[in-house]
Each structure stands twice: as C-alpha cells, then as structure tokens.
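First the proteins, then the strands, lettered A, B, ... as listed; each starts at 1.
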Number of protein chains: 4
Amino acid sequence: MGAVKTKRMPRAVREQQMLDAAVRIFGQRGYMAASMDEIAELAGVSKPLVYLYLNSKEDLFTACIRREAGALVEAVRAGVRRDLPADRQLWEGLGAFFTHTGENPDAWSVLHLQARTHGEPFASEVAAMREEIVAFVTQLILAGAREAHRDPDLPEREVAGLAEALVGAAESLAAWANATPGVTARQAAATLMNFAWAGLGDLMAGRPWAPEEEQPGPHTG
Amino acid sequence: MGAVKTKRMPRAVREQQMLDAAVRIFGQRGYMAASMDEIAELAGVSKPLVYLYLNSKEDLFTACIRREAGALVEAVRAGVRRDLPADRQLWEGLGAFFTHTGENPDAWSVLHLQARTHGEPFASEVAAMREEIVAFVTQLILAGAREAHRDPDLPEREVAGLAEALVGAAESLAAWANATPGVTARQAAATLMNFAWAGLGDLMAGRPWAPEEEQPGPHTG
Amino acid sequence: MGAVKTKRMPRAVREQQMLDAAVRIFGQRGYMAASMDEIAELAGVSKPLVYLYLNSKEDLFTACIRREAGALVEAVRAGVRRDLPADRQLWEGLGAFFTHTGENPDAWSVLHLQARTHGEPFASEVAAMREEIVAFVTQLILAGAREAHRDPDLPEREVAGLAEALVGAAESLAAWANATPGVTARQAAATLMNFAWAGLGDLMAGRPWAPEEEQPGPHTG
Amino acid sequence: MGAVKTKRMPRAVREQQMLDAAVRIFGQRGYMAASMDEIAELAGVSKPLVYLYLNSKEDLFTACIRREAGALVEAVRAGVRRDLPADRQLWEGLGAFFTHTGENPDAWSVLHLQARTHGEPFASEVAAMREEIVAFVTQLILAGAREAHRDPDLPEREVAGLAEALVGAAESLAAWANATPGVTARQAAATLMNFAWAGLGDLMAGRPWAPEEEQPGPHTG
DNA sequence: TATGAATGAGTCTTCATTCAT
DNA sequence: AATGAATGAAGACTCATTCAT
C-alpha cells in the first residue's frame with residue numbers, strides 16, 4: 001500500500017515522497033491524530049529519516065501546507081487567461097479550483113480543514129494563500145463593475161465581504177461536489193457562477209436587495 | 001476560573017456544567033488537544049464524575065455537538081417568522097445565525113471546525129444539522145421562485161447546489177464577521193442578502209449567467 | 001528487588017518511595033543514563049504515577065538533590081556540639097559527614113558527582129548546600145584563630161581558599177573511605193584532622209593533632 | 001567554528017582533530033549529552049570517519065581520557081625538579097597542576113567530572129592516572145619526613161590517606177581557582193601549601209609555609 | 001581516504017480510562 | 001453523589017551506529 005520500498009534515493013526525491021505520505025495521512029486523520037509512525041511507514045522510510053529531513057511534526061505539516069497551497073494557487077493561476085473579461089476569468093478560475101480540489105481531496109482537507117483548525121503556526125500559513133485568492137476575486141469584482149460601465153460605488157468593506165462570501169461559497173461547494181456523486185467541476189463552477197455573478201450583476205445595475213420597511217441604504221441595512 | 005465548586009448538585013445541572021466546560025475547551029483547543037483533565041477541572045468536578053455522567057471523550061464531544069447544534073437550529077428557527085415572504089425569512093434567519101454564532105464562538109468552533117475535522121462519529125452528527133438548514137434554505141429558494149410567479153424549472157440538484165453555496169457563504173461570513181472588528185451581525189446578513197438574493201432574483205427571472213461561446217442550457221452546461 | 005508492591009498508599013508515602021528509588025538509580029547510573037522506566041519499576045509504581053507526582057525527570061532529580069542535601073546538612077549539624085572548641089567541632093562535623101556519606105553512598109554520588117556534572121538547574125542547587133558547609137568551616141577557622149589568641153591576619157580570600165581546600169579534601173576522602181575496605185568514618189576524620197589542623201610539617205615533626213580527652217593513638221583512633 | 005575543512009589529511013592529524021573536538025564537546029556537554037553528530041561537525045569530518053578511526057563513542061571517550069590524562073601527568077612531571085627538597089617539589093608540582101588545569105578547562109572537566117561520573121570503563125581509566133599522582137605525592141611525604149630526620153612512623157595507610165586528602169584538596173582548589181576571578185595558579189598553589197604543609201594550627205600560630213627564597217618560614221629548611 | 005543515506009532501539013512524556021472507597 | 005490513587009498504551013523525538021559508494 002505504501003510507496004515501493006526503493007533504497008538509497010536522493011534527498012529531494014525522498015522528501016517529496018514524505019510530503020506525499022504526510023498530506024495523505026494529515027488529510028485523512030487530521031493533524032493531531034496523524035502519527036509520525038504512520039507517515040513514515042506510508043512513505044516507505046524509517047521515522048528518523050523523516051525527522052532528519054523535515055525536523056518535526058510541526059515543520060512537516062507546515063511543509064505540506066506550503067507545498068499544497070502553492071500547488072493550488074498555481075493551478076488556479078494556470079487555469080485563468082488574464083485577457084478575458086472578468087466573468088470569464090472567474091469562471092475559469094472556479095473551474096480550475098474545483099478540478100484541483102476534486103483531484104486532490106487530501107490536500108484540500110489539509111488546507112481547508114486541518115490547517116485552519118490547529119492554531120497559529122499553521123492558520124496564518126494558509127491565511128496567506130486565502131488572502132491571495134480573495135484579493136484576486138476582489139479585483140475581478142471591481143473589474144466586472146468597470147466593464148459594466150458602472151462606477152463602483154460599492155464601499156471597500158462591502159466588496160471585501162462579497163469576495164469573502166464568494167470564496168466561502170466556493171470552498172463549501174468544493175466539499176459538496178466531492179461528496180455528491182455525479183457533480184463535476186464544471187457543474188459546480190456553473191452553479192456558483194449563476195449564484196454569484198448574476199447576483200453581482202444586479203448589484204452593479206443598482207438593484208440591491210433590501211429588507212423592505214427598514215430604510216435600506218443601497219448596499220447595507 | 002472554573003465553575004464554583006459546590007458539592008452535591010442534581011445530575012442534570014452538573015451535566016450542563018460539564019458540557020459548558022467541554023464546549024469551551026473543545027472550541028479553544030480542538031478535539032484532540034483538549035484533555036479530559038482540563039475539562040474536569042474547568043467544570044469543577046473530578047474526572048471520574050465526568051466519566052460517570054458522560055461515558056467517554058467521544059460521547060462527551062458528541063453530547064456537545066448535539067447540544068450546540070440544537071441550540072443553533074433553535075436560535076435560527078426562533079428568529080424567523082414563517083408568515084413573511086421568503087426573502088424576509090432568509091434575512092431574518094441569517095441575522096439570527098450571525099447573532100448566535102457571534103455570541104457563542106466556542107460553540108461555533110465546535111460545530112464548524114472541530115466536528116468536521118475529526119472524522120466519523122462526529123462529522124455525520126453535525127451534517128444532520130447542516131442538512132436541516134440546507135433543507136430550510138432550499139424551501140425558501142423554491143418559495144421565492146413561486147412568489148416570483150416563476151414555475152421553478154430549476155432542477156433539483158441545481159437548487160441543492162445553490163442552497164449549499166448559500167449556506168457555505170454564510171458559514172464563511174460568520175468567521176469573517178467574528179474576525180473583522182466593527183462588522184455586526186446585521187451587516188453580515190445584509191452583505192450576504194445582496195450577494196445571494198439579488199443573484200437569485202436574476203436566476204428566477206430567467207437570466208442566468210453563462211459562459212458565452214459554450215451554449216449553455218439555462219442553468220448548467 | 002524493588003519495593004514491595006503495595007497498592008493504594010497515600011501520596012506522601014509514595015513520593016518518598018519514588019525518591020528512594022530515584023536516588024538509588026541516579027546515584028548508580030548517573031542522571032542521563034538513568035531511565036524513568038527503571039526508577040518507576042524500582043519504586044514499584046507505573047511511570048505515569050511518577051510523572052503525576054514529580055512532574056519531570058528534571059524535577060525528580062531536583063527533588064532528590066534537595067532531599068539529600070537537606071539530610072546531609074542536617075546530619076552534620078546534628079553531629080556537632082556548638083559549645084566545644086573549634087577543632088573539636090570540626091572533628092565532630094567530619095565524623096558525622098563521613099558517617100552519613102558512608103551510609104548513603106548513592107545519595108553522596110547524587111550530590112557530589114551527578115548534580116555537579118549536569119549543568120544549571122542542578123549545579124546551583126547543590127552549590128547552595130556546599131556554600132553552607134564552606135561557610136561553617138570558615139567560621140570554625142576564624143574561631144580557631146581567635147581561640148589561639150591570634151588576631152587572624154589571614155586575608156579573607158586566603159581563609160576562603162583554606163575552607164575550600166578542607167571541604168574538597170573531605171569530599172575526596174569520603175570517596176576514598178568508601179572505596180577502601182576497613183577505613184571507618186572515625187579514621188577518615190582523624191586523618192583529615194591531622195592533615196588540616198596539624199599540617200604535614202607538624203606531623204613530620206611528631207606533633208599530630210588529637211582530640212583532647214579521647215586518648216587517641218598518635219595518628220588514628 | 002569547527003576545524004577548517006581541509007580534505008585528505010594524514011590519519012594521525014585527523015585523529016587529533018577529532019580528539020580536540022571530542023574533548024571540547026565532552027567537557028562542555030558531558031559524556032551522555034554529547035552527540036557524535038556534534039563532535040563530527042566540530043571536527044569538520046563526517047560521522048562515518050569518526051567511527052572508522054575511533055570505533056565507538058566509548059572508545060572515543062576513552063581515547064580522550066588517555067590523551068588528557070597523559071598530558072596532565074606530563075605537565076606536572078615537567079614542572080618538577082627532582083633534585084629539590086620535597087616541599088619545593090610539591091610546590092612546583094601544584095603550580096604546574098593548577099596551570100595546566102586552568103589552561104585546559106574542558107580537558108579537566110573530562111578527567112575530573114565526566115570520567116568519574118560515568119561508570120566503569122572510564123572510572124578506572126582516570127583512576128590509574130590519579131593513582132600515579134597519589135603515589136608521587138606519597139613519595140614526597142615520606143621524603144619530607146626523612147628530610148626532617150624523623151623516622152617515618154607514619155603507618156602506610158595513614159600516609160595514603162594524607163596523600164589522598166592532599167590530591168583531593170588540589171582537585172577542589174582547581175575548580176575553585178577556575179571559578180574565582182583573579183586567583184592565579186601561583187596563589188592557589190600557595191594556599192594549598194600553607195594548608196597542607198604548615199597546617200591550620202601553624203597558620204594560626206603565625207607560622208605559614210613559604211617557598212625558600214620567598215621569606216621562608218620555620219618549617220622548610 | 002571519505003561520505004550521503006538510512007535505521008533499530010530506546011527516551012521522555014501524555015492521555016483516556018478505571019478501581020476502591 | 002463523588003473522588004484520590006493508579007495504569008496500559010501510545011506518541012514525538014534522538015542517538016549511536018552502519019551500508020553502499
């Protein structure tokens with residue numbers, strides 16, 4: 001079940017094998033429940049070698065987070081053509097996101113669940129990645145507004161909230177798509193575009209929803 | 001710091017004290033890092049008593065999840081007047097949701113982070129609550145469509161995905177609102193209504209977003 | 001070989017058993033080579049109980065040092081009658097010292113060898129005891145000078161050096177007496193009194209020191 | 001910080017580098033806490049090379065003890081002119097001893113603390129050196145008695161005890177001199193000569209020992 | 001002569017859990 | 001109703017030591 005036990009490999013290769021194993025175990029068992037023993041065994045090496053190369057459980061976990069965060073951001077970046085209109089960029093980005101998370105469920109579990117649940121060295125590590133994505137989405141929202149020839153009078157915090165909501169919805173749909181058989185990445189992306197972009201379109205057209213009787217300002221109550 | 005050490009209390013009261021302590025410790029430390037020692041100390045009782053009443057760490061955690069899931073659902077239910085239009089119901093429900101999670105961060109951490117991160121006995125426990133909420137939201141979406149005099153030709157899975165996305169966005173915004181100083185429950189709810197309902201409105205009016213060249217059907221590719 | 005395995009004893013008693021075992025193991029194996037497993041086994045308890053009561057290997061070692069340092073100082077103090085002349089006080093103190101170290105070789109190993117060899121938390125712990133003894137000896141030297149009706153023109157550092165040398169010689173003789181069969185505490189004390197109080201020069205000139213009333217042979221009892 | 005990493009040196013040289021590093025690490029960390037890794041690194045070689053040349057940690061430590069014991073004995077021997085009277089020989093020997101230990105604190109730590117604290121292969125190794133020194137001192141005492149025209153009616157064991165005490169005092173003063181700023185090797189030697197040769201009694205009577213040319217007191221002739 | 005790669009064995013420490021009262 | 005005393009089992013981490021080149 002573990003990697004084929006080939007002896008004497010160069011360090012760089014072994015390190016990747018260890019990270020592969022660690023992502024799998026961390027993703028499935030959780031950070032605390034994962035044991036270094038199990039990781040070493042799955043990697044096909046002895047425990048001391050894991051410590052020699054990766055230093056400690058914390059460092060190993062951090063290395064996993066970094067590698068997988070980088071891979072996810074890279075996958076999304078590679079899936080987006082920057083010369084398209086904002087909505088198309090978002091659509092492509094979401095597709096790449098759902099594809100990558102669908103193909104790497106353990107990595108996604110590490111980033112989305114484990115890293116955020118286990119406090120400070122890790123939370124900020126993944127928060128950096130998330131902020132990068134939120135910033136990207138924020139830019140797309142503003143670009144979309146510009147493209148719709150609407151001066152974005154959306155206040156900054158409002159846009160931040162919208163981006164946050166969109167990213168949160170995407171994260172949530174990733175789990176749902178993985179868990180629901182027959183839902184493809186494309187379908188998940190389409191669902192979210194319907195939900196998000198059509199809504200944003202209305203906002204940009206100056207037609208926000210508001211609770212009726214309560215004197216709504218344009219965007220907040 | 002722990003509960004006042006009063007001896008000889010009725011069982012029901014002691015159990016609640018223990019659950020209070022457990023929710024706090026689980027919420028702050030995480031399921032695995034929480035120790036029964038610390039919980040017992042914070043509850044002001046001896047460890048054997050915790051075991052006498054709650055059986056095991058797993059059972060204790062499950063009891064926490066059940067109690068807090070019930071409390072959250074109840075808070076949302078109590079905040080919604082069922083005779084209002086769908087959008088108003090959603091608005092009220094979101095307000096109640098953000099208020100409750102904001103006031104009970106440890107409980108929310110238990111439900112949103114800890115329970116989902118630690119595998120099977122627990123994940124399905126909280127999934128049940130989540131499905132209840134998703135079902136409620138699904139009803140509201142269908143009701144909204146009906147109210148808009150649109151026969152809901154939205155396919156069932158599509159609606160499920162939309163509800164899922166909405167709930168996911170709400171969960172995400174709850175964390176964001178808690179972490180961003182100066183964002184109230186009302187504001188979070190307003191942001192999400194703008195994002196979601198306005199978008200849904202367009203969907204209901206038959207104007208879904210679609211990637212241009214790919215001739216999508218009205219809701220999915 | 002270990003303590004009789006009696007179950008359920010009050011904490012204070014168990015702690016002493018643990019310290020007994022620890023002193024023995026630490027004294028024989030050395031601090032680092034001693035294993036908590038072995039100590040627990042010799043004490044007749046499980047390892048977690050040792051940690052519950054004594055916290056850590058470091059704390060356990062410190063507790064050993066404190067207990068045995070206290071016991072040694074107490075033994076010396078109890079062996080000295082303060083109303084005698086300085087040389088008699090020194091004689092009695094040395095006798096008590098050699099008796100105690102001879103009867104508790106593991107404790108002496110802990111204090112003299114182990115504690116000083118393993119760095120800072122421990123070295124200063126035993127240094128405090130040693131300073132107490134050096135101060136006592138310093139007082140005796142000054143008192144002896146006074147009794148000899150000589151204004152002690154010995155400079156302070158000189159006296160400190162003499163006391164240091166005397167204590168060092170005593171420590172060294174303790175090991176020698178333990179290792180040389182047939183050397184009693186009295187004999188070790190007599191040898192050291194001759195050496196220190198009379199001096200080699202006087203010895204060679206046939207003028208050994210002797211406790212007054214006890215009719216000693218020229219060099220040893 | 002380690003030795004300059006020059007490749008391909010003759011074995012003898014490399015071995016000395018390794019012993020240098022080992023003495024330093026053993027002296028500072030202690031035998032058990034010293035790691036072969038650290039020693040190899042400080043020596044500027046790979047760990048397998050250390051094993052190739054020195055076999056094992058035990059053998060390496062033994063080699064350190066032997067080298068440093070030899071060096072210390074040699075230093076003392078070289079510092080003593082055998083044609084002088086006994087007290088002068090002792091005075092010179094002590095001076096050489098304090099000088100050498102002061103200049104090689106790690107080596108002295110290895111010999112005095114580490115070797116004796118870690119049981120059997122090592123304790124007897126250093127005991128051999130110590131016996132050599134004790135025998136030398138014993139001879140000086142007997143010679144001194146002869147020079148004083150006293151037939152030494154000192155029984156053999158008594159003389160052994162005196163020599164033991166003198167050496168123990170010297171060892172103790174070595175640590176004291178190293179730790180007390182401003183105390184030179186000469187001063188330490190003088191203090192000890194006063195203590196040992198003159199004796200406290202004489203000191204109190206105002207009859208200190210002194211090397212001849214330097215205001216000789218009544219006991220050296 | 002010299003080393004990068006690798007490990008078996010053992011250490012300290014913690015935790016959920018139970019027994020006897 | 002409640003607890004002081006006690007433990008089996010397991011986990012992170014380190015080290016002396018060797019193999020293959």
Side-chain angles (χ1 to χ4, degrees), chain A residues 5-11 13-15 32-40 44-60, chain B residues 5-11 13-14 32-40 44-60, chain C residues 5-11 13-14 32-40 44-60, chain D residues 5 7-11 13-14 32-40 44-60:
Chain A
K5 202 162 189 172
T6 316
K7 297 242 163 175
R8 304 260 146 194
M9 340 224 338
R11 171 168 181 155
V13 177
R14 270 278 137 91
E15 272 189 15
M32 298 235 62
S35 96
M36 294 298 274
D37 266 301
E38 200 180 2
I39 290 171
V45 296
S46 69
K47 221 184 339 169
L49 201 59
V50 178
Y51 278 89
L52 190 62
Y53 286 175
L54 275 315
N55 270 329
S56 71
K57 196 182 185 183
E58 265 197 45
D59 284 6
L60 173 56
Chain B
K5 207 163 190 171
T6 317
K7 300 241 162 175
R8 305 264 149 191
M9 333 227 338
R11 169 162 183 159
V13 177
R14 271 275 139 93
M32 297 240 62
S35 92
M36 295 297 274
D37 265 298
E38 203 181 357
I39 291 171
V45 297
S46 72
K47 236 187 323 175
L49 198 60
V50 178
Y51 278 87
L52 188 62
Y53 285 177
L54 274 318
N55 260 329
S56 73
K57 196 184 187 183
E58 269 199 38
D59 285 5
L60 173 58
Chain C
K5 203 164 189 172
T6 317
K7 297 240 164 175
R8 304 259 147 193
M9 341 225 336
R11 171 167 181 157
V13 176
R14 269 278 136 91
M32 298 235 63
S35 97
M36 295 298 274
D37 265 302
E38 201 180 0
I39 290 171
V45 297
S46 71
K47 223 183 337 168
L49 200 59
V50 179
Y51 277 88
L52 189 61
Y53 287 176
L54 275 315
N55 270 329
S56 72
K57 194 181 187 184
E58 265 198 45
D59 283 7
L60 173 56
Chain D
K5 207 164 190 172
K7 299 242 163 176
R8 305 263 150 192
M9 332 226 339
R11 170 161 182 158
V13 178
R14 270 276 138 92
M32 297 240 62
S35 92
M36 295 298 274
D37 266 296
E38 203 180 358
I39 291 170
V45 298
S46 71
K47 235 185 325 173
L49 199 59
V50 178
Y51 278 87
L52 189 61
Y53 285 178
L54 276 314
N55 259 330
S56 73
K57 196 185 187 184
E58 269 199 38
D59 285 5
L60 173 57

Within the structure shown, what part of the strands sits under 4.0 Å from A:A34 by heavy-atom distance: base, sugar-phosphate, or nothing? sugar-phosphate
Output the rounded distance in Å from CD (A:E15) to P (E:dA6). 11 Å
Of C:D37 and B:M32, the one whose closest DNA chain E nucleotide lies more 5': C:D37
Where the side chain of A:V45 is defined as all heavy atoms beyond and including C-beta, which of E:dT7, F:dG11, F:dT3 is the nearest nucleotide? E:dT7
Check this one for me: any side-chain N or O of B:R14 less than 4.0 Å away from OP1 or OP2 of F:dA2? yes
Can you measure B:L54 atom CG to E:dT18 atom P for me and round it to whole angstrom units? 14 Å
Need to verify one output field. Residue with the more 5' nearest nucleotide on DNA chain F, D:N55 or A:N55? A:N55
Base, sugar-phosphate or nothing for A:A33? Non-hydrogen atoms, less than 4.0 Å. nothing
Would you kindly give the CE-to-P distance between C:M9 and E:dT21, to the nearest whole Å? 15 Å
Within residues 46-53 of chain C: residues closer than 4.0 Å to DNA chain E (heavy atoms): C:K47, C:P48, C:Y51
Under 4.0 Å, counting only non-hydrogen atoms across every strand here, what does C:R11 touch: a base, just sugar-phosphate, or nothing? sugar-phosphate
Between P on E:dA9 and CE on A:M36, what's the gap in Å once rounded to a whole number? 20 Å
Heavy-atom donor-acceptor pair, C:R8 side-chain to E:dA20 base, under 3.5 Å: no
Determine which bases of DNA chain F form Watson-Crick or G-U wobble pairs with both distances under 3.5 Å, and write the result as a 5' to 3' dot-bracket string with | for other-strand partners. .||||||||||||||||||||
Distance, rounded to the nearest Å, where A:E38 contributes CD and F:dA10 contributes C1': 13 Å
Identify the residue among C:L60, C:V45, C:L54 that makes a side-chain contact (heavy atoms from CB on, under 4.5 Å) with C:I39. C:L60
